[in-house]
Amino acid sequence: MPDEVLDCRGQRCPLPVIAAARRMPEVPIGAVVRVLADDPAAAVDIPAWCRMRGQEFVAAITGPEGPAYDIRRAH
């Protein structure tokens, strides 16, 4: 289960990535942030951002809220 959920549904990339980037420094190391993002580009952009910034991309999930991406703060 995520520690926090960012609802970015309806936002076009790169806005979901920007929201995650702003929030990650504010959560504890090891916390998982779930980004709800229905823009298809998020499926590529969020994992790429994690690789570039050294954060852990945990999973892509499709659930009742739509597509979601879990990111664990690594540092």
Side-chain angles (χ1 to χ4, degrees):
M1 289 301 300
D3 297 291
E4 186 171 320
V5 176
L6 289 177
D7 188 351
C8 298
R9 292 175 290 187
Q11 298 178 17
R12 306 295 279 168
C13 275
L15 295 178
V17 172
I18 292 169
R22 288 182 176 157
R23 187 67 191 128
M24 292 309 284
E26 299 173 5
V27 300
I29 292 173
V32 174
V33 174
R34 177 167 290 168
V35 181
L36 304 178
D38 51 9
D39 181 358
V44 174
D45 290 350
I46 291 175
W49 176 82
C50 290
R51 284 190 304 274
M52 290 187 301
R53 298 296 181 205
Q55 303 300 342
E56 181 184 349
F57 180 72
V58 178
I61 300 128
T62 301
E65 299 170 319
Y69 307 90
D70 286 356
I71 304 167
R72 179 174 289 115
R73 181 172 176 207
H75 57 83

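We use all heavy atoms of the structure for the numbers below, so side chains are in, but hydrogens, waters and symmetry mates are not.
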Show which side-chain atoms of residues 27-37 pair as donor or acceptor with protein atoms under 3.5 Å away, not counting sequence neighbours.
residue : atom : partner : partner atom : Å
Arg34   : NE   : Asp70   : OD1          : 2.7
Arg34   : NH2  : Asp70   : OD2          : 3.0

* If every non-hydrogen atom of Ala20 is compared with every non-hydrogen atom of Ile71, which pair is closest and at what distance? -> CB-CD1, 4.1 Å
* Asked: Among all residues two or more places apart in sequence or in another chain, which pass the salt bridge (Lys or Arg N to Asp or Glu O under 4.0 Å) test with Arg73?
  -> none
* **Other ILVMFWY residues reachable from Ile18 by side-chain steps of under 4.5 Å** => Leu15
* List for me each residue that meets side chain to side chain donor-acceptor pair (under 3.5 Å) alongside Glu56, sequence neighbours excluded, and say none if there are none. => Arg72
* Who pairs with Asp7 by side chain to side chain donor-acceptor pair (under 3.5 Å), at least two apart in sequence or on another chain? -> Arg9
* **Co-membership, hydrophobic cluster, residues Val5 and Met24, 4.5 Å side-chain** => no
For residues 42-54, please give each side-chain donor-acceptor pair under 3.5 Å, one per line with the distance, not counting sequence neighbours.
none

* Summary of side chain to side chain donor-acceptor pair (under 3.5 Å) pairs that have at least one residue in residues 12-31, sequence neighbours excluded -> Glu4-Arg23, Arg23-Glu26
